[in-house]
Amino acid sequence: MSVVPYKNKEEGKKEQVAEMFNNISHKYDFLNHLLSLGIDIIWRKKAVKLLEKDQPKLILDIATGTGDFAIEALALNPDKIIGVDISEGMLNEGKKKMKKKKLDHIIDLQLGDSEKLLFEDNKFDAVIVSFGVRNFENLEKGLADMFRVLKPGGKTVIVEFSKPKKFPMKQGYNFYFKYILPQIGKLISKDSFAYTYLPESVQVFPDGQNFLNVLEKVGFKNTQCKPLTFGISSIYVGEK
Ligand SMILES: C[S@@+](CC[C@H](N)C(=O)[O-])C[C@H]1O[C@@H](n2cnc3c(N)ncnc32)[C@H](O)[C@@H]1O
């Protein structure tokens, strides 16, 4: 079943996801750090560390949004990072941030769809995604195109929400995600659906071994899953 942000609209998931992120783009960074109490920053840092040994020079950050994962990936000392996203609103916020931080010469943000990447095969040393894959309209297609543009021997590192399995984290997390987060999200972003879509989309998204199965199906090998903070999020790694 596909969960969409605006159940009362007829557009497909991709259009709705782009519209939703356009709507919340001006509050996205603030809400992200507030709702996760800043833990999202630690998760991205941990994910980037998994590429330390590989020293990738050309990195693609899929569903880059406002570019936070791309900024973390600068710790790897790459020559260039290209970030792509389907939401112009998120990219505009990201571009402002890159300019302000004087990073626009190294981080290049572009409009682009993970399911139809406009890059040649085997181009990137690493392909990274944080909190993006859950929003793909067609997960398999998106992951397959990431595999296509990755160089043989290159790695993908993906961070995504997962579902804690153990008491009491499972219960506490469900309560927070279902009742608290949507209220704060609605109040600040003024979009009444975006932060209801978040827990709903996590609920139906394949996590853990199920996600590794999809990675393997599209060709990734040596796949690994590393749960973070009681399994609230997970890092997935795969090699081409
Ligand atoms: C939750 S944000 C994550 C942004 C950023 N990676 C971060 O960690 O803050 C998800 C992003 O995925 C983008 N997105 C969803 N589907 C996409 C697709 N098919 N191709 C590219 N970007 C996509 C959305 O527009 C949105 O900006």
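In each ligand, atom 1 is the first atom listed, and ligand 1 is the first ligand listed.
- Distances from atom 26 (C) of ligand 1 to the heavy atoms of F136, F131, F161, F21 show the closest one on F21.
- Shown here is K13, whose NZ atom has more than 12 heavy atoms of other residues, nucleotides or ligands within 6.0 Å.
- Ligand 1 has a nitrogen or oxygen under 3.5 angstrom from a nitrogen or oxygen of S130.
- Within the 4.0 Å heavy-atom cutoff, G67 does not count among the residues contacting ligand 1.
- Atom NZ of K27 has 12 or fewer neighbouring heavy atoms from other residues, nucleotides or ligands inside a 6.0 Å radius.
- Comment: K165 engages D207 in a salt bridge, judged by a side-chain N to carboxylate O separation of less than 4.0 angstrom.
- Judged by the 6.0 Å distance and 45° axis criteria, K240 is positioned over the aromatic ring of F147.
- Using bins of under 30°, 30° to 60° and over 60° for the plane-to-plane angle, the ring pair F211/F205 lands in the tilted bin.
- The CG atom of D29 lies 3.5 Å from the NZ atom of K97; values are rounded to the nearest 0.5 Å.
- The single protein non-hydrogen atom nearest to atom 5 (C) of ligand 1 is T64 O, 3.4 Å, given as residue, atom name and distance.
- The V17 neighbourhood of ligand 1 comprises atoms 15 (C), with distances under 4.0 Å to a heavy atom of that residue.
- A cation-pi arrangement is found for K9 relative to Y6, the charged atom lying closer than 6.0 Å to the ring centre and inside a 45° cone about the ring normal.
- Look at R44 and you'll find a heavy atom under 4.0 Å from some atom of ligand 1.
- For S114, a nitrogen or oxygen atom sits less than 3.5 Å from a nitrogen or oxygen atom of ligand 1, counting backbone and side chain alike.
- Among protein heavy atoms, the minimum distance from atom 23 (C) of ligand 1 is reached at I86 CG1, 3.5 Å.
- Set against the non-hydrogen atoms of N32, the atoms of ligand 1 under 4.0 Å away are 9 (O).
- Classification of D40 and R44 as a salt-bridged pair holds, one side-chain N sitting under 4.0 Å from a carboxylate O.
- With hydrogens left out, the protein atom closest to atom 11 (C) of ligand 1 is D85 OD2, 3.6 Å, a heavy atom.
- Within ligand 1, the atoms closer than 4.0 Å to a non-hydrogen atom of G112 are 20 (N), 21 (C), numbered from 1 in the order shown.
- Residue A63 has at least one nitrogen or oxygen atom sitting less than 3.5 Å from a nitrogen or oxygen atom of ligand 1, judged on distance alone.
- Those atoms of ligand 1 that come under 4.0 Å of a heavy atom in S87, given as number and element, are 25 (O).
- K101 NZ: 12 or fewer foreign heavy atoms inside a 6.0 Å radius.
- Using a 4.0 Å cut-off between heavy atoms, N135 contacts ligand 1 through both its backbone and its side chain.
- Judged by distance alone, the side chain of T229 and the main-chain N or O of I232 form no donor-acceptor pair under 3.5 Å.
- Close contacts of ligand 1 with M90, meaning ligand atoms under 4.0 Å from a residue heavy atom, involve 27 (O).
- Between Y28 and ligand 1, a contact under 3.5 Å exists for at least one N or O pair.
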